[in-house]
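One-based numbering, in listed order, for ligands and for the atoms of each.
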Amino acid sequence: MFLRIDHVGIACHDLEEKIEFYESTFGLTVVSREVNEEQGVREAMLHVADGPGGTSYVQLIEPLSPETAVGKFLAKRGEGVHHIGYGVADVTKALEEIGGKGIRLVDERPRHGSMGASIAFLHPKDVGGVLTELVESPQPKL
Ligand code: MC0
């Protein structure tokens, strides 16, 4: 079902400071920056590697306010890994299949994600404490 690890989402207080850290420490490059009002984040995607299943990124996410999902996460747990995003060929199909196994879906239908992707989240309580995201890229590299 999974084509690749699309991205690791990392929650931070200061996006610009974290971008600078990832650039200077690991030599990563920012390939996209967006504000996603629906998700309550300002985010940047940094290219990590291209593989047979597509491209992998680090996604740095800063909350737009303390009441957002990432704002609450930061207040409770502090900075760190917030979610894992897996690449899938068809997010609607994947949701059907995973939902059919009794896993709680945060999103019943796909939403708008980074770089034009269709995304959906699975509830962390049903995935061993890991907030899990399904990502269908606009043109998946297969
Ligand atoms: C919350 N919990 C998590 C978690 N966030 N556990 C693991 N990883 C996370 N990231 C746990 C809390 O610790 C708590 O457990 C329980 O889930 C309920 O959390 P809450 O803080 O009371 O908040 P809720 O229930 O209102 O919401 C939790 C939920 C929410 C996962 C449903 O955060 C959500 O809808 N997330 C999906 C959307 C999202 O995260 N968007 C931002 C990234 P305890 O044991 O303490 O009760 S957007 C993004 O990344 C886009 C732009 C993209 O990739 O393209």
Among protein heavy atoms, which sits nearest to [atom], and what does the distance come to when rounded to 0.1 Å?
| atom | answer |
| --- | --- |
| atom 21 (O) of ligand 1 | Lys76 NZ, 3.9 Å |
| atom 55 (O) of ligand 1 | Ser114 N, 2.8 Å |
| atom 40 (O) of ligand 1 | His82 CE1, 3.2 Å |
| atom 38 (C) of ligand 1 | Gln39 OE1, 3.4 Å |
| atom 7 (C) of ligand 1 | Gly129 O, 3.2 Å |
| atom 6 (N) of ligand 1 | Arg77 NH2, 3.1 Å |
| atom 28 (C) of ligand 1 | His123 NE2, 4.7 Å |
| atom 4 (C) of ligand 1 | Phe73 CD1, 3.9 Å |

Contact atoms of ligand 1, heavy-atom distance to [X] under 4.0 Å:
| X | value |
| --- | --- |
| Leu131 | 8 (N), 9 (C), 10 (N), 40 (O) |
| Ala69 | 33 (O), 39 (C), 40 (O) |
| Val106 | 35 (O) |
| Val70 | 42 (C) |
| Gly113 | 55 (O) |
| His7 | 54 (O) |

Residue list, salt bridge (charged side-chain N to carboxylate O under 4.0 Å, His left out) with Glu62, at least two apart or on another chain: Arg42
With sequence neighbours excluded, residues passing salt bridge (charged side-chain N to carboxylate O under 4.0 Å, His left out) with Asp90: none
Identity of the nearest option to atom 16 (C) of ligand 1, non-hydrogen atoms only, from Arg104, Glu133, Lys125, His83: Lys125
Would you say that [X] contacts [Y] through its side chain, given a criterion of any heavy-atom pair below 4.5 Å between the two side chains?
| X | Y | answer |
| --- | --- | --- |
| Leu95 | Leu122 | yes |
| Glu43 | His7 | no |
| Leu46 | Leu60 | yes |

Stepwise side-chain hydrogen bond (donor to acceptor under 3.5 Å, both in side chains) test for Gln59 and His82: CA-CA 10 Å; Gln59 181 186 58; His82 176 260; over 6 Å; no
Closer than 4.0 Å: a protein non-hydrogen atom to atom 35 (O) of ligand 1: yes
Side chain to side chain contact (heavy atoms under 4.5 Å, CB included) assessment of Lys18 paired with Ile10: CA-CA 10 Å; Lys18 279 296 178 294; Ile10 297 174; 5.9 Å; no
Nitrogen or oxygen atoms of Lys72 and ligand 1 under 3.5 Å apart: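 Right, the criterion is met.
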N/O separation below 3.5 Å, Asn36 to ligand 1: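 There is no such contact.
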CD1 (Ile5) with more than 12 external heavy atoms under 6.0 Å: no
Salt-bridge present (Glu133, Arg111; N to O < 4.0 Å): no
Heavy-atom donor-acceptor pair, Asp6 side chain to Gly85 backbone, under 3.5 Å: no
